[in-house]
Amino acid sequence: MSTTKKTIIVFSGDLDKVMAAFIIANGAAAMGDDVTMFFTFWGLNALRKPEKIKVKKSFLQGMFGKMMPRGADKLGISKMNFGGMGAAMMKIVMKQHNVTTLPQLIQTAKEQDIKMIACAMSMDVMGIKEEELIDGLEFAGVATYLAEADESNVNLFI
Amino acid sequence: MSTTKKTIIVFSGDLDKVMAAFIIANGAAAMGDDVTMFFTFWGLNALRKPEKIKVKKSFLQGMFGKMMPRGADKLGISKMNFGGMGAAMMKIVMKQHNVTTLPQLIQTAKEQDIKMIACAMSMDVMGIKEEELIDGLEFAGVATYLAEADESNVNLFI
Amino acid sequence: MSTTKKTIIVFSGDLDKVMAAFIIANGAAAMGDDVTMFFTFWGLNALRKPEKIKVKKSFLQGMFGKMMPRGADKLGISKMNFGGMGAAMMKIVMKQHNVTTLPQLIQTAKEQDIKMIACAMSMDVMGIKEEELIDGLEFAGVATYLAEADESNVNLFI
């Protein structure tokens with residue numbers, strides 16, 4: 001029997017792209033596949049806790065931390081965001097059409113035992129600490145991603 | 001014999017990225033592969049008919065519809081677009097070098113029996129109706145995409 | 001024994017995305033995999049030599065050439081670039097955390113015999129000549145990419 005495992009690298013921190021990643025991941029998990037999501041660079045923003053956590057950062061890391069969106073509810077969209085208005089409009093339309101919100105998609109991913117890995121090197125560079133991210137994550141690097149991808153039949157970079 | 005089927009998710013609505021998707025898809029089909037393209041979010045704009053079609057939309061959907069480019073000939077490029085000037089320059093240079101235009105690439109894809117699926121959920125959210133899109137499409141969701149991807153040896157997200 | 005060959009299409013010319021591509025590619029090569037990187041559209045900018053090379057271009061190609069970043073050291077980042085300030089900040093933070101720079105990543109890729117292919121069609125359109133790109137590249141088209149991808153178990157589009 002051939003594998004049907006899936007991996008998705010979530011590099012983007014745009015609401016629309018992160019939602020697409022979770023919709024594919026949750027769909028695959030619902031069909032019985034093992035799924036691993038590897039969050040790196042801007043994608044980490046989707047996993048930040050909404051509240052400010054007191055951690056030690058360098059000056060530049062502090063600036064990045066302040067400027068980047070804090071959590072799934074704060075992400076902008078990749079086109080026509082207009083300072084957040086586009087994202088807000090998109091969320092309203094999605095709600096009207098009963099589309100699951102990103103926080104709900106993340107919750108479903110956890111419940112379906114999707115493995116969510118935060119890229120340790122990106123966290124180090126951006127000064128994001130484990131306690132600033134939501135619970136239930138693993139922390140690893142590119143070697144772990146590659147080992148998972150080698151066992152998978154669909155590998156996407158989003 | 002191993003499969004050589006391919007799938008491409010076309011998430012982007014940028015001219016350069018959509019062209020890349022069709023060039024890969026048409027190349028694979030020319031080599032005898034089955035190819036499925038799954039158009040979602042902004043990627044749907046590449047499939048819109050150029051003319052305005054009278055359909056019922058909510059207020060926000062109407063706004064999205066007006067602001068998003070109507071069809072393959074109206075897409076901008078992902079960098080240095082400058083309100084469309086970049087896309088216009090790119091098209092001129094491509095014409096000078098006999099690069100196939102996007103509308104021609106889409107026509108070739110149809111002639112090569114590439115399966116083009118429009119994401120039903122994205123259409124619903126953005127208020128895009130079947131009659132607003134070009135002919136010859138199928139309409140389905142993530143489960144259909146995943147079933148196709150499971151049978152394929154190359155799966156890209158563009 | 002199943003293949004563990006990898007291909008990565010580098011479409012983006014953003015520093016953060018190109019770095020991600022090389023980190024994955026170098027990681028895979030370090031684990032013993034054959035890796036092919038296929039540079040197309042904006043991704044070609046990462047391979048430009050930093051100095052101006054005298055070559056014949058059309059007027060529009062000359063404009064593209066002047067406006068696009070010349071080489072791995074000049075790339076901007078995909079978000080919060082602010083006219084290059086974001087990229088500069090990112091490089092400082094990366095240096096503080098001993099992250100390999102992009103020019104070093106490219107050098108490592110060469111040393112690990114990663115096959116780097118520049119897309120001939122994109123070069124033709126953008127007016128980029130072989131002598132403007134770094135040494136050690138191959139020049140080919142989509143058919144070559146597809147042949148490599150057919151032999152690989154992980155194929156990413158970045």
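All chains are named by letter (A, B, ...) in the order of the sequence lines, taking the proteins before the strands, and each is independently numbered beginning at 1. Hydrogens, waters and symmetry mates play no part in the numbers below; they use all other heavy atoms, side chains included.
By the 4.5 Å heavy-atom criterion applied to side chains, A:His97 and B:Gln61 are counted as neighbours. Contact of the A:Lys6 side chain with the B:Asp150 side chain is registered, since non-hydrogen atoms from C-beta on lie closer than 4.5 Å.
Residues of residues 73-90 of chain A placed with any heavy atom under 4.5 Å of a heavy atom in chain B are listed by number as A:Ile77, A:Ser78, A:Lys79, A:Met80, A:Phe82, A:Gly86, A:Met89, A:Met90.
In terms of heavy-atom proximity, A:Ile24 sits nearest to B:Ile9 at CD1-CD1, 3.7 Å. For B:Ala147 against A:Met31, the heavy-atom pair with the smallest separation is N-CE, 4.4 Å.
With rounding to the nearest 0.5 Å, the separation of CG in A:Asn153 from CD in B:Glu151 is 10.5 Å. Separation of atoms OG1 (A:Thr100) and CE (B:Met121) is listed at 8.0 Å; rounding is to 0.5 Å. Interatomic distance, A:Gln96 CD to B:Asp124 CG, rounded to the nearest 0.5 Å: 10.5 Å.
Contact annotation for B:Val142: only side-chain heavy atoms (C-beta onward) come within less than 4.5 Å of a heavy atom of chain A. The part of A:Asn155 that comes within reach of chain B is its backbone (N, CA, C, O), which places non-hydrogen atoms under 4.5 angstrom from that chain. Both the backbone and the side chain of A:Val154 come within less than 4.5 Å of a heavy atom in chain B. Both the backbone and the side chain of A:Lys17 come within contact range of chain B, with heavy atoms under 4.5 Å apart.
Counting non-hydrogen atoms of neighbouring residues, nucleotides and ligands closer than 6.0 angstrom, the NZ atom of B:Lys95 reaches no more than 12 such neighbours.
For the set A:Ile158, A:Ile23, A:Ile92, the entry with the most heavy-atom pairs within less than 4.5 Å of chain B is A:Ile158.
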**Q.** side-chain contact (heavy atoms from CB on, under 4.5 Å) between B:Phe157 and A:Ile8, worked out
**A.** CA-CA 10 Å; B:Phe157 182 100; A:Ile8 300 177; over 6 Å; no
